[in-house]
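Contents: one structure, followed by commentary.
Here is how names work: the chains are called A, B, and so on, in the same order as the sequence lines, proteins then strands, and each is numbered from 1. Hydrogens, waters and symmetry mates play no part in the numbers below; they use all other heavy atoms, side chains included.
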Protein chains: 2
Amino acid sequence: MPKLGMEPVRRRALIGAAVEAIHEHGFCEVTMGQIAARAGVSAGLAHHYFGSKEQLLTATMRHLLSELGAEIVSRLSRAEGPRQRVSAVIAGNFAPGQFRPAVISAWLAFYVQAESLADARRLHGIYARRLRSNLVHDLARLVSRERAFAVADGAAALVDGIWLRQVLRVGEPDAATAIAMVEDYVALQLERGRM
Amino acid sequence: MPKLGMEPVRRRALIGAAVEAIHEHGFCEVTMGQIAARAGVSAGLAHHYFGSKEQLLTATMRHLLSELGAEIVSRLSRAEGPRQRVSAVIAGNFAPGQFRPAVISAWLAFYVQAESLADARRLHGIYARRLRSNLVHDLARLVSRERAFAVADGAAALVDGIWLRQVLRVGEPDAATAIAMVEDYVALQLERGRM
DNA sequence: TTATTGATTGACTGATCAATCAATAAACGG
DNA sequence: CCGTTTATTGATTGATCAGTCAATCAATAA
């Protein structure tokens, strides 16, 4: 059965399987065997393509962050003016493909890992700085630069908090309510800034 | 050297050591041996008193939640009127003994575990409901019941988000800034509610 | 003094799992 | 068709670690 050019197919499948397997078994408990089985291959093949469990997990984290980033960039490109750009960032953070149980579980697990794993920490840092500078840049066109920092930090904390709390909520995530909550916060802050 | 009545001493030491060891080694990587060594005893003794790693970890989580709860209750008892009570809850969530790196790491790790571990999930649920009902009860005296729910959820998400983001921040946690951020959010929401 | 109980350890075991590797087989290139 | 590359597996290894246990020692009680 061996077809050629399977590498990208397997890599994608394994990364997707890793997200699901982390959700099902928990980050600490999940094994290469479980991930590989979910992707429909042997554990040996997972090692063949990724070298080690840590590298597969790091690739998975990189994938999640880049997908989330892409959602935001795509919405930013359609936004007009700073206020819409802020909304684009907020909505991007709750994009349907991202704000779902398995992704939320994996994302949180990587947050925890980022503390002890240098690679994970670096990736998180890059992503967080980019998000923040995007927000600050646009907010600074609406309020003072000083307040823009405060509002960006507040909005970012609120977004992360909503993701975090979704981990323990039962039932499907409600992106609309989440977005409304953050939009409300930003609107209130901007109103005051204009007074 | 065996003295009598060591059980409570050892239990406390092991729970404290678990928090520190999780912070140092990471939740997934930490072993009973490392925790026991930090507490100055053998791994065998840790099993003797707690039965299993899972039970020691669950006891640690219970301890963290109850300490945080105690900080809030203590501030609530000194508060007068609903507005002060809301502030008491906020300040309690950033009490100096709790809002520090090792505790934050462990707390977040337990959050992740709560997804797959029934015991951890139950504990978290109890704590979260209590916190929420406390907030809603007092907020409902300041704004409509409906808005009280929204503000309580927003404030709780903000608190959790600030804790979460502290995991990756370098340097000592800044409780004062954190409290100011949540107080600002609540103040803004209450102002609107009164309009 | 002599049992009894509680505290404690270090050695042991059994299971798990990441990582390696040799073997196999299909596709392809000449 | 024959050699090379790519894909894939299953068996194996080596390390780690949770959990158990017998043995030891001190304090207390009878």
To the nearest Å, give me how far apart NZ (A/K53) and C1' (C/dA18) are. 8 Å

Can you tell if the side chain of A/W163 reaches within under 4.5 Å of the side chain of B/L164, non-hydrogen atoms only? no

For residues 32-49 of chain B, which residue pairs qualify under side chain to side chain donor-acceptor pair (under 3.5 Å), counting only residues two or more places apart or in two chains? B/E24-B/R38

Pick base, sugar-phosphate or nothing for B/V9, based on heavy-atom distances below 4.0 Å to the nucleic acid. nothing

A/L131 and side-chain contact (heavy atoms from CB on, under 4.5 Å): which single residue from A/V159, A/V136, A/N93, A/I126 fits? A/N93

If you compare every side-chain N and O of A/R10 against the phosphate oxygens of D/dT6 (OP1, OP2), does one of them come in below 4.0 Å? no

Starting at CD of B/Q55 and ending at P of D/dG19, how long is that distance when rounded to a whole Å? 9 Å

Expressed in angstrom and rounded to an integer, what is the separation of B/E7 atom CD from D/dA27 atom P? 19 Å

Quantify the bending of the helix from C/dT1-D/dA30 to C/dG30-D/dC1 as the angle between its end axes, each fitted on five pairs, to 10°. 10°

Given atom CG of B/L56 and atom C1' of D/dG19, what is their separation to the nearest angstrom? 14 Å

So, B/R141 and B/D138, do they make that salt bridge, N to O below 4.0 Å? no

Inspect the contact between B/E191 and B/R83 and indicate whether a charged nitrogen and a carboxylate oxygen are less than 4.0 angstrom apart. no

Value in whole Å for how far the P atom of D/dT6 lies from CZ of A/R11: 14 Å

A/E54 CD to C/dA19 C1', straight-line distance once rounded to whole Å: 13 Å

Student check: side-chain heavy atoms of B/H23 and B/I104 closer than 4.5 Å: no

To the closest 0.5 Å, what do you measure between CG (A/L117) and NE2 (A/H124)? 11.5 Å

Reported CG-to-CZ distance for the pair A/L135 and A/F149, which is rounded to 0.5 angstrom: 11.5 Å

Residues touching DNA chain D, which here means a heavy atom under 4.0 Å, drawn from residues 33-50 of chain A: A/V41, A/S42, A/G44, A/L45, A/H48, A/Y49

Which nucleotide in C/dA7, D/dA7, D/dG19 has an atom nearest any side-chain atom of B/L4: C/dA7

Starting from P on C/dT8, measure out to CE on B/M32 and report it in whole angstrom. 15 Å

When you get a sec, tell me which of D/dG19, C/dC17, C/dA27 is the closest nucleotide to the side chain of A/T31? C/dC17

Smallest separation among heavy atoms of A/A106 and A/V19, with atom names: CB-CG1, 4.2 Å

Within this structure, what is the NE2-to-P distance between B/H25 and D/dT16, rounded to whole angstrom? 14 Å

